[in-house]
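Beneath this line is the structure, given in structure tokens, with notes to follow.
Here is how names work: the chains are called A, B, and so on, in the same order as the sequence lines, proteins then strands, and each is numbered from 1.
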Amino acid sequence: MAKAIMYDATKCTACRGCQAACKQWNELEAEETKNTGSYENPADLSYRTWLKMRFTEVENGNGLAWLFTRRACMHCTDAGCVQVCPTKAVNKTDSGIVYIDREKCTGCGYCVEACPFDVPRLDGSRVTGKAKMFKCILCKDRVDNGHEPACVKTCPPGALDFGEREDMVAKSEARVAELGDDALLYGDKELDGLHVLYVVNHPLKDHKLPVNPEVSPAVTLWQDILKPVGYGVVGIVAGGLLLNYMVARARMVKAKEGK
Amino acid sequence: MTHHEVEKYSAGARWFHWTITAAALVLAITGLFLYVPAFSSVAEGGATRIVHRIAAVIFILAPLLFFLMKPGRSFHFIKEIFSWGKDDLAWLKAAPDYYFGGDEKKMPPQPDMNTGQKLWAVVAFFSALGFIFTGIFMWFLKDTLSAGVFDWMVIIHDLCFIVGGAMLLVHLYLGAIHPRMTESLKSMVKGKVSAEYAQSHHGKWYKEVAAREAAAKGTPGGQGKQQAH
Amino acid sequence: MEISRRDFFKLSGAATAGGFLIYQTLDAQKAAAEASLDLHKPIGEGYTICPYDGSGCGFLVAAEDGRVVNIEGDPDHPVNRGAACAKGASMRQLSADNERRLNKPRYRRAGGADWEDLEWDEALDMIAERIKSTRDANWIENEGESISRRTEAIGCLGGAALDNEECYLLSKMMRGLGLVYLEHQARI
Amino acid sequence: MTNHWTDVANSDYIMVIAGNPAENHPAAYGHITDAIERGAKLIVVDPRFTRSASKAHLYCPIRSGTDVAFIGGLIKYVIDDMEANPGNYNMTYVTEYTNAAFLVHPDYKGPPDLDGLFAGYDEANRTYGKSKWTYLDAGSTEGNIIPVLYPLAEGGKGVAKKDKTLKDPNCVFQILKRQYARYTPEMVNKISGAPVEKFLEVAQTFAKSGAVGKAGNILYAMGATHHTNGAQIIRSYGILQLLLGNVGVSGGGIQAMRGESNVQGSTDQALLSHIIPGYLNVPVHTDATLQKYIDRVTPKTGDPLSLNWWKNTPKYITSLLKAWYGGAATASNDFAFHYMPKPKSGKNHTHIALFEAMEKGDEDKKEKVKGLMCWGQNPAVGSPNANQTLRALETLDWLVCVDMWETETSVFWKRPGVDPTTIDTEVFQLPALGSYEKEGTVSNSGRWVQWRYKCADGPGDARADLEMLNDLMLKVKKLYDDDAAAPNRDGILSLTWDYAAEGEHVDPRKVLKEVNGYYVTGEKAGQLVNGFANLADNGSTSCGNWVYCGCYVDEASLDAFENANKAAMFPPDNMGNRTARRWTADVGNAGFGSKPEDGYKPIGLYNYYAWCWPANRRIVYNRASVDLNGQPWDTEHPVITWFGDAAGAWKGDVSDGGGKAMVHGGHAPFIMRSEGVGCLFAPNLGTREASLADGPLPEHYEPWESPLDANPLSATKNDPVIKIWRPEEQSTPDEYPIVASTYRVVEHWQAGQMTRNSSWLVEQMPEMFIEMSEELAAEKEIKNGDKVVVWNTRGEITAVALVTKRFKPFQMNGTTVHQIGMPWHWGYSGLSTGDSANVLTPSVGDPNTTIPEYKAFLCNIRRA
């Protein structure tokens, strides 16, 4: 049932077809950018950049490597953004897509801060707070209609694949085995399983992927403890006040009658 | 029963109170939309978030303005709410019976702010500080704060909401609904309470007021500013 | 005091339970899955070949009322198998919707500071006249003893961005007129 | 490309040199990934660590402009290894399918003998006399040396003497061995800076492709051609691949990765000064008659094994003249040959010459170019020496720019820093339709001719170039109709031109059919010709371009497989238009299935997808993929297989030349050569087969602007016959010690008018930049992201510094040379603007092609 993207960094050539295809399919406007001494651009994800490639030059005993890393929503199973969304605008579909129903989004931005991968972005104004959250939704409309996500479909060297998550995990494991010692699969277990799996053959830190991503304890505290406690406290107080009213009123009536 | 009325709240204090109340209610309600998903449809489109911000500005500016205009009274108020004594303990002991049963006898006489009101004021004071501090961070420093710090800001904001909100409910109830607090709302609307009410609810204060009034009758201009005890 | 301590606990318990009930009603995760979405635009049926590099990748174009709404790789094309690089995936921005596209013949007179609009007929008439006058005035009928029949006063560049049919006609026309400076991108 | 994109997946060893497919041919790059998945090794050789290099098993840097030294080193390695371990190589291929065994004229001398020169150098005229660069005729006797040089001397047989033991000191193999003996790994390092161990690793790896049944592929692009010895660089690839038996086989060959969607097609249609459609030589003033032309260019041979396909030249030129002049072309008037323009023999009319003639007048008569038409080309950015180009444009009387966009060329008169009122050029800017706004065909690198459809409307009044051309020519014809005194008026009026009335839509099918060719007389008159084998030299057929013959046929001429699938294969309005076929099943010629008994294994030929010139042959020289019995060297990837004497005995791809397997009396595999074999040594045979201008074998010379004082290999520093227009502009290493190279990035395209107006691409690559090593940056106190100025004798440009580990200074036997690189996509017009790299590139050209030297020139750099 659950789907997943497999990103094989060892095949990726950073042609950035995915970056452009994402904008094309999702009707995202271009950013104004600068060359700051790198091929990498835009500098960061934004409300109109849902996917970008990261370029990293690494030199070690094995010579020079030019690493490319996909940067977009990981569609976590244990998704901080979903947990934290006060209006349930960010939600998880059966296929594992972390979807944002922008109608429901109030732009609070809690998801932005709750994401261990720093993915969700807000548009709009910081001052008025009127905003919506934007991020990769794994081309939900395409997936719902049996098509691959735009980035996967466009990938020339076949670095991206899409399918049933268990198939993608199996394929990734096979690829890792084929690549040998340095290779590893990222995303199978992280956050109860990401729906974007990475095959890399350089250390995660070289790819700037968080080694043990986790949803901040604050998010758990807030969502699983504080909120229910809040309802409880308010419930108790409200109940107490109601009781008080009934009792006090009854007494007053009694007292009056007594007079 | 006399129809003599005494001034409980000055016009400035009343304006301040109602402004802050209005802002707080708006903040609480618009905040609630984010807290309770069932209400989230109201928040769609983000209009409530703008309202929340406007109210927040009022919520921050009103006390500042009041402080600037009436620094003395403000200091006095703050000093008063943090002055706790034996009477307060007695009040707290007697309060349940009083508020449920209406037994006044055990209630120690109270100054113009009774212990319950002080308690509310302290909670309101700290939650307001919490709201404002965390709110400003969440509003303006979202992009610079680290995700972890932001999460804690949200938690503190919400914690303030839970505690302050619960106390606000109590305050609203006592101020406007409780069968005995008949003149509390009036006092904040018109500024005056009947002498009777004042005597029953704020005995200590009434004594002072009465003394002052008597003195004033004898010596015009003798409205000595008195410190609360 | 008629409310016993027990009652109080009972009441508190009830209130707490009530609170959690409210929480359950108002805040519980939605169980129902997000509804399935329709494609927000068609994928495309029109068939074209990429205008960029020489790979010859196949693309599908979707248009509504003559306006392009989507372009992506043709999954059945043997070369690109649905793939598109950054340029191919951006191909839609070459469409008429790009406000930088030229849409009117324009003329800049000698020493002129700006463009002037022309009608097609006018523009082509003017060009035809210039071709003829430059050609005729710079005609090389003979090279030494040999017949040569050419003009070296007009150059023609381009073709790699044109279709074969256009290139062929360009070749035919320019050679037919006697041009020898016939060059295009393959040389540079 | 000898092969095509999908076939790259069948390679065992892939050497990408002077190309960067991951960035410049990205979608097709997927087939390289497929090959790697199958176990292929990817080698990337490039001055810079590119995105392609990032995926390579083996990356070896070489200094720009030293490809011949590097490949020469590989050739030496292979020859040495071949003598030591002949079992590791396909020696049958080498002796039977190449000219290794051919004896060369005994007076031939080469660089080892003449300190870098070849026999026959004329220093005064900077040219070679090539009479000794040929074979020794089999009719030679002791004392009577006859060269294979047409017209043949008395007693000549037109066949070379051979020594199949490859031992004769005058055989090509031995000459090759002597030529490259000097290219030791140490010498390769001294010249190219390639580390010796890396070079050897490349050699050991790629040499493995010489084994029977293994395929090695060389993929190159403009990194090879954009040199003063570009043609020789390509030749060196050819020599290496022939020695390794890689030409003609699946997964082998030499792939020129074309950079524009139809640069293959525009070359086929001969938008070049030296050819006319179908790669026929351009007639020159000495060709007084058609026969003289035919005699001059048609290759001849006395070898019965050679099919010598170019012997059909008379059929192709006659059919072309019939297509162009129709009824006005008759046998009695030389098929109107006299109407065709004939430039002065030997005079250069290529790109640089055009702009030099524009500014200063031509080298012959000082004639100036006064009018220029640019059809989707932007020379203000794309020409070398851009400042010279702009100065030249200012001297024009009139300029026509046909494009989808405003280009740097069309607005040169209002470029920054220029007062428009001082420029007297009239400029016309005509709005053109884009690729999916009109119908027609384009030809990709793999020679696939593909039909594309109109899918959307263009903006405003924009029109297809085809219609502009039609209207323009009709108007020109009208003007000449009215002027009886005009020169060669009949030539213009006779030119067939009946595509559509003025102002009407032109159906490109009508043009494509003319390109394909018709029968013009006899009972088939009016029918389309089904294949160039049916073209005639008597005027009974017309054909606009013989290599395209067979691309569009009548319904009655469809083959059995096409007929069986007619409805699915041909859209109704494209019946018989083979370029419109989109048959995605991978089937071979004549629709053989995938069963071995059908003679076809699915190796990715896709014979019914689109159409491929020549004759729908997907892999050219495919007769070299089989042994003398016609059985594939590589049974896993058989391109063609001989199935005995039966009709259609060759199965798989369309076999080169048909006929029988060689042992059964069939012809030699390289049908486009009069020898019938591949040329390790490129002889001058006196016809169109005239060798190269700068030698029958590639020899390393330093680029015109070299960082070295001398050529480490010989006393001849530069290629002695390169074309230099502006010697005074040579930048020298004392002032300009840094080697620079230009290139492209995946996010932009060529002169940039398409991509610099696409915001999504501008976003990804917003600004002009210059890449340099950390070492050079430190030396020049440049930080990553700084603005820097790069300058040389021709001008200066400013750009963002991109300091990277991907450039490393070259250590060449003690000498350190820095190289920088820059994309050339920018100019002053468009959504994203920036300085043009071509401000810095020199006006020098390869002696064979006069392609400019864009890839190796000198400059200096400083922080802005």
Query raised in the report: chain D: which of A:E178, A:R16, A:E31 shares the most heavy-atom pairs with it under 4.5 Å?
Result: A:R16

Report task. Cation-pi check, D:R806 to A:F55: give yes when NZ or CZ is under 6.0 Å from the six-membered ring centre and within 45° of the ring axis, no otherwise. Result -> no

**Report entry** Verdict with supporting geometry, D:T804 and A:E57, side chain to side chain contact (heavy atoms under 4.5 Å, CB included)
**Finding:** CA-CA 8 Å; D:T804 172; A:E57 290 174 12; 2.5 Å; yes

Query raised in the report: Counting heavy-atom pairs under 4.5 Å to chain A, which of D:S832, D:G785, D:G30, D:P766 comes out on top?
Result: D:P766

Report summary line: One option among A:A65, A:A14, A:G17, A:C155 has the most heavy-atom pairs under 4.5 Å with chain D, and it is A:A14

Query raised in the report: Measuring from D:R51:CZ to A:C12:SG, what's the distance to the nearest 0.5 Å?
Result: 9.5 Å

Query raised in the report: Heavy-atom distance under 4.5 Å to chain A: side chain of D:Q764, backbone, both or neither?
Result: both

Requested in this report: Measure the CG-CG distance between A:N35 and D:N784 for me, rounded to the nearest 0.5 Å.
Outcome: 8.5 Å

Report summary line: If you tally heavy-atom pairs under 4.5 Å between each of A:K52, A:Q24, A:E40 and chain D, the highest tally belongs to A:Q24

**Report entry** Structural part of A:A9 lying under 4.5 Å from a heavy atom of chain D
**Finding:** backbone

**Report entry** For A:C15 against D:P26, the heavy-atom pair lying closest together
**Finding:** CB-CB, 4.1 Å

**Report entry** Structural part of A:T154 lying under 4.5 Å from a heavy atom of chain D
**Finding:** neither

Query raised in the report: Considering only heavy atoms, which portion of A:Q19 lies under 4.5 Å from any heavy atom of chain D: side chain, backbone, both, or neither?
Result: both

Query raised in the report: For D:E779, does the CD atom have more than 12 heavy-atom neighbours from other residues, nucleotides or ligands under 6.0 Å away?
Result: yes

Query raised in the report: With distance as the sole criterion, is a donor-acceptor pair present between the side chains of A:E29 and D:S759 under 3.5 Å?
Result: no

Requested in this report: Among A:A159, A:P42, A:G158, single out the residue with the greatest number of heavy-atom pairs under 4.5 Å to chain D.
Outcome: A:P42

**Report entry** Distance in Å, A:R48 CZ paired with D:W760 CH2, rounded so as to fall on 0.5 Å steps
**Finding:** 12.5 Å

Report summary line: If one checks every heavy atom of A:Y39 against chain D at 4.5 Å, the contacting part turns out to be both

Query raised in the report: Which answer fits D:A22, side chain, backbone, both or neither, if we ask what part of it has an atom under 4.5 Å from a heavy atom of chain A?
Result: both

Query raised in the report: Between D:M765, D:E763, D:E37, which has the largest tally of heavy atom pairs under 4.5 Å with chain A?
Result: D:E763

Query raised in the report: So how far is it from D:L802 CG to A:T36 OG1, rounded to the nearest 0.5 Å?
Result: 8.5 Å

**Report entry** Toward chain A, the part of D:K808 with a non-hydrogen atom under 4.5 Å
**Finding:** side chain

**Report entry** Closest non-hydrogen atom pair between A:T13 and D:K55, with its separation
**Finding:** CG2-CG, 3.9 Å

Query raised in the report: Heavy-atom distance under 4.5 Å to chain D: side chain of A:R175, backbone, both or neither?
Result: side chain

Report task. Give, as side chain, backbone, both or neither, the part of A:L28 having an atom under 4.5 angstrom from any heavy atom of chain D. Result -> backbone

Query - Neighbour count >12 (heavy atoms, 6.0 Å) for atom CG, A:N60 - result: yes

